Amino acid sequence: MGFSLIAAAAILGLTLFMAVEIITSELLPTIEDMNKSYGDMKDRYQNQLQSDINITMVLQSPNGSNYDYNISVKNTGSATLFTKDFQILINGSEYQFTCSRENLYPENIVFFQIMNIAGNGSQRVKVITNNGIADYYTYTG
């Protein structure tokens with residue numbers, strides 16, 4: 001009886017040790033990844049709170065049967081924005097653009113140029129920053 005009790009305790013102890021090892025080797029990295037993800041989410045949220053833009057002007061000029069757009073955007077927030085990460089939509093379609101500067105600093109204005117766009121009449125322009133902050137401008141040409 002003494003040996004079977006010792007053997008059972010050893011088996012249970014070894015099993016408990018293996019279970020703790022498996023749980024900690026799998027659980028700790030997951031907890032660390034979750035903690036890093038929450039930190040990243042907090043940083044993104046804080047960046048969104050500090051970001052704001054305002055489309056100050058849209059000019060449409062004829063280019064043959066199409067039009068060129070010149071769009072000025074002012075950074076009214078307190079975060080520096082990277083213009084290469086912006087998206088510009090005209091009537092819901094995304095267009096490639098060129099920009100006067102790479103960075104849009106707070107209280108500064110940059111100019112975007114989109115060439116050779118078909119269509120006339122009422123146009124809805126939407127400029128979206130890399131962190132999802134957007135502004136709309138309706139233009140009737």
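Quantities reported herein were computed from a predicted structural model and do not represent experimental measurements. We use all heavy atoms of the structure for the numbers below, so side chains are in, but hydrogens, waters and symmetry mates are not.
With contacts defined as side-chain heavy-atom distances shorter than 4.5 Å, the pair V125/L89 does not qualify. Side-chain contact between I53 and T129 is present, with at least one heavy-atom pair separated by less than 4.5 Å. Put simply, the side chain of I55 does not reach to within 4.5 Å of the side chain of Y136, judged on heavy atoms. Contact of the V20 side chain with the T24 side chain is registered, since non-hydrogen atoms from C-beta on lie closer than 4.5 Å. Counting heavy atoms from C-beta outward, N63 and D68 have side chains that approach closer than 4.5 Å.
Judged by distance alone, with hydrogens and angles left aside, the side-chain atoms of S72 form a donor-acceptor pair with the main-chain N or O of M57 at under 3.5 Å. The backbone N or O of T76 lies less than 3.5 Å from no partner atom in the side chain of D52, so there is not a single donor-acceptor pair. Between the N91 side chain and the R124 main chain, a donor and an acceptor come within less than 3.5 Å of each other. Between the D40 side chain and the R44 main chain, no donor and acceptor come within less than 3.5 Å of each other. At least one donor-acceptor pair under 3.5 Å links the side chain of T30 to the backbone N or O of E26. Without hydrogens or angle criteria, E102 side chain to F82 main chain gives no donor-acceptor distance under 3.5 Å. Side chain of T83 to backbone of R101: a donor-acceptor contact under 3.5 angstrom is found. Using modelled atom types, no side-chain atom of N103 and backbone atom of Y105 make a donor-acceptor pair closer than 3.5 Å.
Between the side chains of T56 and N54, no donor-acceptor pair is found at a separation under 3.5 Å. If you check the side chains of Y67 and Q60, you find no donor sitting under 3.5 Å from an acceptor. With hydrogens and angles left out, the side-chain atoms of N116 and N66 include a donor and acceptor closer than 3.5 Å.
Rounding to the nearest 0.5 Å gives a distance of 7.5 Å between CD of Q113 and OG of S61. A distance of 9.0 Å separates CD in Q87 from NZ in K126, rounded to the nearest 0.5 Å. Considering CG of N75 and OG1 of T80, their distance stands at 7.0 Å, rounded to 0.5 Å. Annotation: the span from L81 atom CG to Q50 atom CD amounts to 10.5 Å, rounded to 0.5 Å. Interatomic distance, L59 CG to N70 CG, rounded to the nearest 0.5 Å: 6.0 Å. I117 CD1 to S93 OG: the interatomic distance, rounded to the nearest 0.5 Å, is 9.0 Å.
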Practice task
Dump the intermediate steps for side-chain contact (heavy atoms from CB on, under 4.5 Å) on Y69 and Y95, then the final yes or no.
Solution key: CA-CA 11 Å; Y69 285 85; Y95 290 96; over 6 Å; no

Exercise for the section: Might you work through the side-chain contact (heavy atoms from CB on, under 4.5 Å) test for I88 and I114, ending with a clear yes or no? Expected result: CA-CA 9 Å; I88 297 180; I114 303 174; 3.4 Å; yes

Exercise for the section: Using the side-chain hydrogen bond (donor to acceptor under 3.5 Å, both in side chains) rule, take N131 and S51 through it: C-alpha gap first, then chi angles, then the decisive distance, then the call. Expected result: CA-CA 8 Å; N131 56 12; S51 298; 3.0 Å; yes

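No continuous path of ILVMFWY side-chain contacts below 4.5 Å connects I133 to V110, so the two sit in separate hydrophobic clusters. Criterion: ILVMFWY side-chain heavy atoms under 4.5 Å apart, direct or through other members. Under it, F97 and V73 are part of a common hydrophobic cluster. Transitive grouping of hydrophobic side chains (ILVMFWY, heavy atoms separated by less than 4.5 Å) keeps I109 and I71 in distinct clusters. When the side chains of ILVMFWY residues are joined at heavy-atom separations under 4.5 Å, either directly or via intervening members, M34 and M41 end up in a single hydrophobic cluster. A chain of hydrophobic side-chain contacts below 4.5 Å, direct or via other Ile, Leu, Val, Met, Phe, Trp or Tyr residues, connects Y137 to V127.
Of all heavy-atom pairs spanning G77 and P106, the tightest one is O-CB, 3.3 Å.
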